[in-house]
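Reading through the C-alpha cells given below for one structure.
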Amino acid sequence: MARLLPLLVGVSMLGASLSPSLAASPSAAATELTIFGDMPVVLSAARLIQPLDDAPGAVTVIDRQMIEASGARDLAELLKYAPGFQLGRFKGATPLTTYHGLSDDQSRRMLVRVDGRSAYSPYFGSAIEWAKLSVDIDDIERIEVFRGSNSAAYGSNAFLGIVDIVTRPAADTPRFRTRITEGANGLQDQMVSVRQRLGDATARLTLGQNRSDGTDPNHDSYRNQRIDGRIDWPLSPDDTLEIHLGFVDTRADEGAAEDITDPERSTDSYTGFAQARWRRQLASGDELKLTYFHQEERYTDPGFRLPSLSSYLINVAGFSPAAVNAFFVSNGIPADAYVDGSINNRALRDDIELEHQTLLGERARLVWGGGIRNDRVRSERVFSRDDDIHIRQRRLFANLEYRLPPMWTFNAGAMIEDTSETGPRVSPRLAVNLHLNKQLTTRAAVSRGYRNTSPFERQADVRYAEARSGYVLAQTLQPSGDLRPEKVTAHEIGLRFQSTDGFSSIDLRVFNEEIDQLLERKTTTSNLSPPPPLNSEGDSPLYINGASATINGAELSGVYRWGTDAWIGGHYTYTDIDSNVIEAQISAPREAFFLFAATQLPWQWQLSGGWGYMGMMSWYDDDDWIHGYHHASARIAKRWRTGNATAELAVGMDRIAGAVSDYRPEISRPPEGYVTLRLTY
C-alpha cells in the first residue's frame, strides 16, 4: 500500500494541472457526467441517487452509447470496460467473470442485478449465469459496476462487487427495432422488439436468439432463445407500476467423443421470471418502493449411460474380469448392471422487498427497508435426495447520507441477514468523501461483508451408482456440513477528478481486502460406507473454511469525451494476492490494462475500438496457467435515415491481435469477424 501512495499524489497533481485546459475546451453547456456517459448520478452504490463524487466507493458507469459502440454480443463482454475484472470463456455458452480473482468456473463472489432482481444463482454451481439473463443488450439504459464489497447495501452475494443493470423505460424505446448479426465461427444473432401503448400503460416486448459454434476444440456449440417484456403503468400522479417478464431457453452441446463418462450430448436449460415493482412518491419528496419477483430455473442433462458396467470396469478402470465378477457377486450387483448419469435440476425463488427513501432535513437522507426470500432447490443427482431443499432469508438494511457542505459527505450503512442455514450476520460500512474543490474529491471507506455458503457448497452429494442395486461406485463431491460464511474486511482510499464541463474524469482506487474463512476444496475420506470403489483410496472431495487471502492493489481509470458519441479512455489495474492456497494466490493477473476509444466521423460514420492486456493467471488451478495475452477489437458503423426509419450497418472484428486462451491453455478463441444490421422505426 505504501508503494501506491506516490501514485495517489501524482494523480492529484495531474487532476489539478488538467483543470484549466479542460475547462476551456469546447463543449455544450456544462453538465455533470458520469465516467462513461451523460447520467449525472449513480443509483446502486448505497441505494440512493447520488453524484459519483458522493458515492461511498468506486463506480464505473457504462452507458447506452458505450454499449452500442462496443459491438458486444453478450453482457459479460462489457465488463472489460471496468478495471479489476477477469473474463474467460469456460464453454461456448458459458462466459466467466470475476472481480479480483478467487474464482474457478463458479463465479461466487459478485452480484448481478437486473432492474432490482438478483441474478445470483448458486444452487448447482456457477453463481452468475450470464446466458440465463433475458434482457437484450439494446434494451439496457446503463450498467453500474460498484468495484468493491457492497454487502452493506445488497447483502451476502455482493461480497466483492456488484453489477447493476438498468433497462430503458418502455416509452423510451422505438416502436419497432430489429437487429441481425452474422459472423465467423457460426455466429448468428437475431432480435426483434416492439413497443405499444395499452391505455395509460406502455409495453415493450423483445425476442432474441444467439447461436455460435463455441470454442475450439470443444464440442460446445449453443443456441440461446429469449423473451423479455416490460410494462410501465402510471396508476396515478404519485403511483407507478413496473412489470417485468422474461424467459430464456438454452440448448448447448457438451462433452467429448472419446470420453465414456462425458460423451458428446446436448443439454437444455431454461429460466423464467415475473417481477412487479410498485413506486409511490410521497408528499415530502420521499419514495416507497415494493418489489416482488418469482423465478424458476430448470436444467436437463442426459449425462452418460454405461450399458455394460462390467466392460467399463475391465477396459477403462483396469479391473480384472475375476475381480469384477467377485465384486458383483459380493455386493449383489446383477451381471447386466448399468449406470445412468443423467441430471435434472430445478430451483424456485420468491423474493419480496420494501424500500423507503426519506429526507431528514436539509443535510441528511435515509434509505431503509427489508425483504424476505425463499428458495427451493431439487436435484437427485447433485444432492442424492428426491425432495426440496428450502433456504429462507430475512434481511434489514439502511444507509444514511449526511452532508456538511461544501466539503464533507458521510455514508453509514449496514445490512442484517438471517438465513435458515447460517444464522444472522451484520455487514456494516462507513465512508467519508472530502470535496477539495468542485473538481477534486477524495474518499475513504471501510466495510465488512459476509458471503453465505450455497446449498451446493454445503450439501452437494454427487454419487454415481449401479441403477438396479443402488450400489455407489463413485462420489465426486460429498456433503461439507456446517460451513461458516466467508468474511471480507475491506479498506479503500480514492481520488476522483471531474472537469468543470463534465467531459473528463479520472478515478483512482487503492484497496486492501482481507478475506477469512475462504472456501477451499479438500479431498478426504468419503462419508459413505463402504467407500466408493472407483474413488482413489475411497476418498472424495468436500469444501472447508481452510483458506484466507489478502488482496492489495490499485485501479486507475479515466475518460475524456468531446461529444455524445466520441471519447477516449482506459484503465490500469495492479493486483497482489497473498494466500495460504496457491490456487487463490494466482487467480488474478498482477497487471492488466484496457484502452478504448470512439469517434464520430463525417456523414454519420462511427469508428470505435479497444486494446488491452491481461497478465498471467489461472482460474483456480495451479496446473493450468494462462499466459499473458493481448486482446484488441475494432468496429466501424454507418447510419442513415429513410423517412421515419433509421438504419445502421456495422462491421467489426474481435481478437484482432490473434487467438486468445482466456480460461485454459488448450481452449482457443480465434479472431472473429461479424456484420450487424440494425433497423429502427
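Residue numbers start at 1 and run along the sequence shown.
At least one side-chain heavy atom of R429 sits under 4.5 Å from a side-chain heavy atom of P56. Under the 4.5 Å side-chain criterion, counting only non-hydrogen atoms from C-beta, D138 is in contact with M191. The shortest side-chain heavy-atom distance between D115 and I165 does not fall under the 4.5 Å cut-off. Using a 4.5 Å heavy-atom cutoff, the side chains of I515 and F159 are in contact. Contact of the V163 side chain with the I143 side chain is registered, since non-hydrogen atoms from C-beta on lie closer than 4.5 Å. Side chains of R265 and D301 form a contact here, defined as non-hydrogen atoms less than 4.5 Å apart.
Partner of F273 under the side chain to side chain contact (heavy atoms under 4.5 Å, CB included) criterion, out of E296, H294, H244, E297: H244 alone.
Stacking of R211 on the aromatic ring of Y222 is not recorded, the 6.0 Å distance cut-off and the 45° axial limit not both being met.
Using modelled atom types and a 3.5 Å distance limit, the side chains of D189 and N210 yield a donor-acceptor pair. A side-chain donor from one of R230 and T167 sits under 3.5 Å from a side-chain acceptor of the other. A donor-acceptor contact closer than 3.5 angstrom is absent between the side chains of Q196 and R204. W619 and S103 form no side-chain donor-acceptor contact under 3.5 Å, judged by distance and modelled atom types alone. Side-chain contact, D220 with T215: a donor N or O sits under 3.5 Å from an acceptor N or O. Defined by atom type and a distance below 3.5 Å, a donor-acceptor pair is missing between the side-chain atoms of Q86 and T98. Judged by distance alone, the side chains of T453 and R458 do bring a donor and an acceptor atom under 3.5 Å apart.
Annotation for L111 and S118: closest pair CD1-OG, 3.4 Å, computed over non-hydrogen atoms.
Partners of Q275 by side chain to side chain donor-acceptor pair (under 3.5 Å), not counting sequence neighbours: none found. Residues meeting the side-chain contact (heavy atoms from CB on, under 4.5 Å) test with A256, sequence neighbours left out: E258, D259. In this view, D74 and R89 satisfy the salt bridge (charged side-chain N to carboxylate O under 4.0 Å, His left out) rule, not counting sequence neighbours. Residues forming a salt bridge (charged side-chain N to carboxylate O under 4.0 Å, His left out) with R113 (at least two apart in sequence, or on another chain): D164. Applying the salt bridge (charged side-chain N to carboxylate O under 4.0 Å, His left out) test to R463 and every residue at least two apart in sequence or in another chain returns D461.
A distance of 3.5 Å separates CG of N452 from OG1 of T422, quoted to the nearest 0.5 Å. Atom CG in L133 sits 9.5 Å away from atom CG in D228 (nearest 0.5 Å).
Centroid-to-centroid, the aromatic rings of F304 and Y464 come within less than 6.0 Å.
Listed by first and then second residue, the salt bridge (Lys or Arg N to Asp or Glu O under 4.0 Å) pairs that reach into residues 476-485 come to none, sequence neighbours excluded.
Residues E513 and K487 are not paired through a salt bridge, judged by the lack of any N-O separation under 4.0 Å between the basic side chain and the carboxylate.
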